[in-house]
Amino acid sequence: MLDPNRTNQFVYEENVNAGYINYNLTLKKFNFQAGLRVENTVSDGQLYALVPSNNQQVKRNYTDFFPSGGVTYQMNPKNSLALTYSKRIERPNYQSLNPFEYQLDELSFFKGNPFLKPQYTDNIKLSHTFNYKLNTSFTYTYINDFFAQVIEYTGTSRSFLNTKNVANQQVLNIGISYPFDVNSWWSVYASVNAFQSKYISTDPSFTSVTQETLNLYGQNNFKLPAGFNLEISGWYNSPSVWGGTFRTKSIGSLDAAIQKQFLKKKLTARLAVSDIFYTSTWYGITNVSGFRNQANGGNDSRQVRFNLSYNFGNDAVKKSRERKTGLEDEKKRIGG
């Protein structure tokens, strides 16, 4: 039977025309790079619903300029410095633009926002590399019109999941990564990222948030007797802010795997265990428009997997080069 409240068709057409230019120059120990990309976007979103709404059609036509550039200085054979800048755009996924309301459960609904604007990111990064291994970086990121999924309430019996431009985000990050060999049979990769995220509210219903966060990652590889290889890795995230609205508790995971190759390294057997202590479940609290919401969740992250793979190819043949195209961004926007 036809339900007018749950029947609609959302037609969205978007055309992006882009052009870019790049320039590179090397002068002794310096390498310079500069580029500019220009994009013109024309979009038209039209909702055909049996129940009329106030935002059935939204048209847009805008042009953006995205400069990028950087300079690299090779101080000596073991030390190099680099300073880079880039500006980019992230458009919302298509479902977030659909203004039709549909029911998730007895009390919850999802509603898109056709007036949602893209978010723009300016990124400046200063990095240092020592002996082609130790990498240290300082990054400043500013996101304009940051969009987040928020929970809005109507009365006491209906809540809506909606995506809105709620703030401008500022991130200061210090990162260190270092791969090294402890001895001939033990190698380590370690990385540390410490950053501060500051969300500056541009929406009256959104509360400005500042959070310091520490991320750790480590991977150990051991060469065991009889050709076995053991890998132990883990990561940890201290309390942080997710999506600009949820304050989350610390989470982490410990993983292990053992591997051996047979038949002149053509056949590989691998046994792996992920999230051994089941510590990657999350918990968050949000407060929007005076309503406090607690949420928690997880997935089947603790798994035991056994894989067998056989290589039929010729090791002397080079692998095909992976190329990125605009399809990756489109897959992300449709949830692919």
Side-chain angles (χ1 to χ4, degrees), residues 66-71 81-92 116-130 134-151 163-179 189-219 233-253 279-297 332:
F66 301 102
S68 64
V71 56
L81 284 172
L83 178 65
T84 60
Y85 166 78
S86 65
K87 182 176 183 178
R88 65 181 186 274
I89 184 174
E90 182 177 349
R91 296 177 175 88
L116 191 62
K117 296 182 292 185
Q119 63 184 30
Y120 296 86
T121 301
D122 291 275
N123 185 277
I124 301 175
K125 182 177 182 180
L126 176 64
S127 59
H128 172 259
T129 302
F130 172 73
L134 177 61
N135 293 285
T136 307
S137 64
F138 176 79
T139 307
Y140 172 79
T141 304
Y142 188 86
I143 301 178
N144 193 58
D145 286 330
F146 176 85
F147 50 73
Q149 193 172 83
V150 299
I151 301 175
T163 305
K164 300 175 66 176
N165 300 101
V166 296
N168 295 325
Q169 183 187 12
Q170 176 180 281
V171 181
L172 297 173
N173 180 82
I174 297 176
I176 302 173
S177 64
Y178 185 45
Y189 174 81
S191 68
V192 179
N193 280 280
F195 60 92
Q196 180 194 70
S197 294
K198 181 181 292 186
Y199 296 87
I200 305 165
S201 175
T202 57
D203 186 296
S205 63
F206 179 79
T207 303
S208 297
V209 178
T210 300
Q211 177 70 53
E212 289 75 31
T213 303
L214 179 67
N215 292 345
L216 305 175
Y217 175 78
Q219 179 177 305
S233 61
W235 57 270
Y236 167 80
N237 290 346
S238 70
S240 61
V241 175
W242 177 81
T245 58
F246 276 91
R247 287 186 177 271
T248 64
K249 290 186 175 181
S250 58
I251 60 174
S253 177
T279 51
S280 64
T281 56
W282 60 271
Y283 171 85
I285 299 175
T286 183
N287 193 325
V288 178
S289 300
F291 289 92
R292 186 174 186 269
N293 185 68
Q294 295 180 206
N296 63 282
K332 181 179 178 182

#### Entry: Inter-residue atom distance Trp235.CH2 - Ser280.OG, 0.5 Å rounding
5.5 Å
### Message
By the salt bridge (Lys or Arg N to Asp or Glu O under 4.0 Å) test, which pairs, at least two apart or in different chains, include something from residues 237-246?
### Response
none
### Set of residues satisfying side-chain contact (heavy atoms from CB on, under 4.5 Å) with respect to Trp242, sequence neighbours excluded
Phe246, Thr248
### Euclidean distance, Lys117 NZ relative to Ile89 CD1, rounded to 0.5 Å
12.0 Å
### Query
Got a sec, which residues hit side-chain hydrogen bond (donor to acceptor under 3.5 Å, both in side chains) with Tyr85, two or more places apart in sequence or on another chain?
Asp122
### Message
Once rounded to the nearest 0.5 Å, what's the spacing between atom OH of Tyr120 and atom CZ of Phe66?
### Response
5.5 Å
### Query
Which residue pairs pass the salt bridge (Lys or Arg N to Asp or Glu O under 4.0 Å) test when at least one of the two sits in residues 190-208, sequence neighbours left out?
Lys164-Asp203
### Query
Quick check: does any side chain N or O of Thr286 sit under 3.5 Å from a backbone N or O of Asn293, one acting as donor and the other as acceptor?
no
#### Entry: Leu116 vs Pro92 side-chain heavy atoms within contact, under 4.5 Å
yes
#### Entry: Spacing of CG belonging to Leu83 relative to CD1 belonging to Ile124, to within rounding of 0.5 Å
7.5 Å
### Task
Quick one: list whatever passes side-chain contact (heavy atoms from CB on, under 4.5 Å) with Ser208, sequence neighbours left out.
Ser201
### Query
Any salt bridge (Lys or Arg N to Asp or Glu O under 4.0 Å) pairs touching residues 239-250, not counting sequence neighbours?
none
### Query
Of all residues at least two apart in sequence or in a different chain, which pass the side-chain hydrogen bond (donor to acceptor under 3.5 Å, both in side chains) check with Asn173?
Asn193
### Task
Please report the shortest heavy-atom distance between Leu214 and Ala194, naming the atom on each side.
CD1-CB, 4.1 Å
### Query
How many angstroms lie between atom OG of Ser127 and atom CG of Leu81, to the nearest 0.5 angstrom?
7.5 Å
### Contacts of type side-chain contact (heavy atoms from CB on, under 4.5 Å), residue Thr213, not counting sequence neighbours
Phe195, Gln211, Asn215, Ser238, Ser240
### Task
Search all heavy atoms of Trp282 against all heavy atoms of Ala295 and return the closest pair with its distance.
CZ3-O, 3.5 Å
### Summary
Residues at least two apart in sequence or cross-chain that pass side-chain hydrogen bond (donor to acceptor under 3.5 Å, both in side chains) with Thr163, listed by chain then number, are none
### Summary
Between Val171 and Ser197 the two heavy atoms that sit nearest each other are CG2-OG, 4.0 Å
## Note on the structure
d(Arg88 CZ, Ser68 OG) to nearest 0.5 Å is 12.0 Å
### Message
Which residues pass the side-chain contact (heavy atoms from CB on, under 4.5 Å) test with Ala190, not counting sequence neighbours?
### Response
none
### side-chain hydrogen bond (donor to acceptor under 3.5 Å, both in side chains) partners for Asn135, two or more places apart
Thr129
Show me the donor-acceptor pairs, under 3.5 Å and distance only, between side chains in residues 137-151 and residues at least two apart or in other chains.
from   : atom 1 : to     : atom 2 : distance (Å)
Tyr140 : OH     : Gln170 : OE1    : 3.2
Thr141 : OG1    : Asn123 : ND2    : 2.9
Tyr142 : OH     : Asn168 : ND2    : 3.4

### Message
Let's go through Ile176 and Leu134 carefully: what are the C-alpha distance in whole Å and the side-chain angles of both, what is the deciding distance for side-chain contact (heavy atoms from CB on, under 4.5 Å) to 0.1 Å, and is it a yes or a no?
### Response
CA-CA 7 Å; Ile176 302 173; Leu134 177 61; 4.0 Å; yes
### Query
Shortest non-hydrogen contact from Val209 to Val241?
CG1-CG2, 3.5 Å
